[in-house]
Amino acid sequence: MTVSDYGYVSAAEESEGKGIPARVTAARGGYFHIVCDSGQGVARLKASAYREGNEPPVTGDFVRLDWNPVGESRILQTLPRKSCFKRLDPSSSGRQAQVLAANFDFVFLLMSLNQNFNVRRLERYLALTWESGAKPVVVLTKTDLLRGHKRFLREAGRVSAGAPVHAVSAKTGAGLEELTPYVQPRTTFVLLGSSGVGKSSLINALAGDEWMPTMEIR
Ligand SMILES: Nc1nc2c(ncn2[C@@H]2O[C@H](COP(=O)(O)OP(=O)(O)O)[C@@H](O)[C@H]2O)c(=O)[nH]1
Ligand SMILES: [Mg+2]
């Protein structure tokens with residue numbers, strides 16, 4: 001895999017000649033898992049490059065780094081984001097925005113077709129997503145649990161302002177093929193939805209493999 005397979009396109013703002021492009025696939029405690037054309041590994045920030053106002057990367061960010069094949073790579077620059085989720089940092093007493101994830105193309109807004117279906121919540125998810133810069137895709141889950149789901153498709157469609165609405169079952173596989181246009185090389189999607197709506201199950205069903213543990217309450 002190359003960094004282009006992960007969605008990288010070079011931007012005008014980049015300092016060419018300074019390191020190589022990479023994508024952050026996970027970020028925790030100052031350590032960043034990265035993928036680039038040379039391979040994958042762990043990176044840390046180059047302190048001098050992040051002293052003033054330079055925003056540290058989050059999961060999904062494209063960066064430029066000095067690749068180290070035998071140890072930690074050094075991140076030199078966070079590249080401009082095409083989309084991101086932000087919230088007010090609960091740890092900062094001030095009103096600082098904290099970026100949670102970056103550079104996704106689609107946001108799957110999941111609601112399961114039992115007690116979870118709620119038009120108000122869907123409206124909140126849609127507003128969050130429009131604000132992020134990515135495209136919302138409404139995904140009603142667990143269609144196998146009820147006989148007819150047309151009514152829910154209609155209700156979701158009424159508030160979705162043109163965003164596509166799909167109904168799927170991770171259990172039976174029904175409707176999953178409708179999601180393949182969004183799940184393509186070089187595109188990134190994120191899942192948004194309450195605990196238990198079937199996010200992990202959907203990932204596993206789309207991957208055809210057990211990538212995520214299911215049933216955990218988080
Ligand atoms: N009947 C049915 N159950 C499902 C479906 N998808 C997930 N579940 C169940 O719902 C529970 C929560 O699923 P999970 O994927 O862990 O939800 P998450 O918390 O959003 O990641 C688990 O017990 C799953 O087996 C589905 O399409 N149909
Ligand atoms: Mg889960």
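Order of listing sets the numbers, starting from 1, for every ligand and every atom in it. Sequential numbering from 1 along the given sequence is applied to the chain's residues. Hydrogens, waters and symmetry mates are skipped; everything else that's a heavy atom, side chains included, is used.
Among the atoms of Gly198, some N or O lies under 3.5 angstrom from an N or O of ligand 1. Geometrically, ligand 1 and Leu145 share no nitrogen or oxygen pair separated by less than 3.5 Å.
Both the backbone and the side chain of Thr214 come within contact range of ligand 1, each with a heavy atom under 4.0 Å. Looking at Thr172 against ligand 1, nothing comes within 4.0 Å, counting heavy atoms.
Among Ser201, Gly173, Gly196, Ala205, the residue whose heavy atom sits closest to atom 15 (O) of ligand 1 is Ser201.
Heavy atoms of Gly193 come nearer than 4.0 angstrom to ligand 1 in no pair at all. At least one heavy atom of Asp144 sits under 4.0 Å from some atom of ligand 1.
Arg44 has its side chain within reach of Arg74: a pair of non-hydrogen atoms, C-beta onward, lies under 4.5 Å apart. A 4.5 Å side-chain heavy-atom check between Val197 and Lys142 finds every atom pair outside the cut-off.
With no hydrogens or angles considered, a side-chain donor-acceptor pair links Thr188 and Arg23 at under 3.5 Å. Side chains of Tyr50 and Thr78: a donor-acceptor N/O pair is present below 3.5 angstrom, by distance only.
Against a heavy-atom cut-off of under 4.0 Å, Lys171 is close to the following atoms of ligand 1: 1 (N), 2 (C), 26 (C), 27 (O), 28 (N).
Backbone or side-chain N, O or S atoms of Ser195 do not reach the Mg ion (ligand 2) at under 2.8 Å.
Annotation: the span from Phe108 atom CZ to Leu192 atom CG amounts to 12.0 Å, rounded to 0.5 Å.
Residue-environment remark: CD (Gln184) exceeds the threshold of 12 foreign heavy atoms within 6.0 Å.
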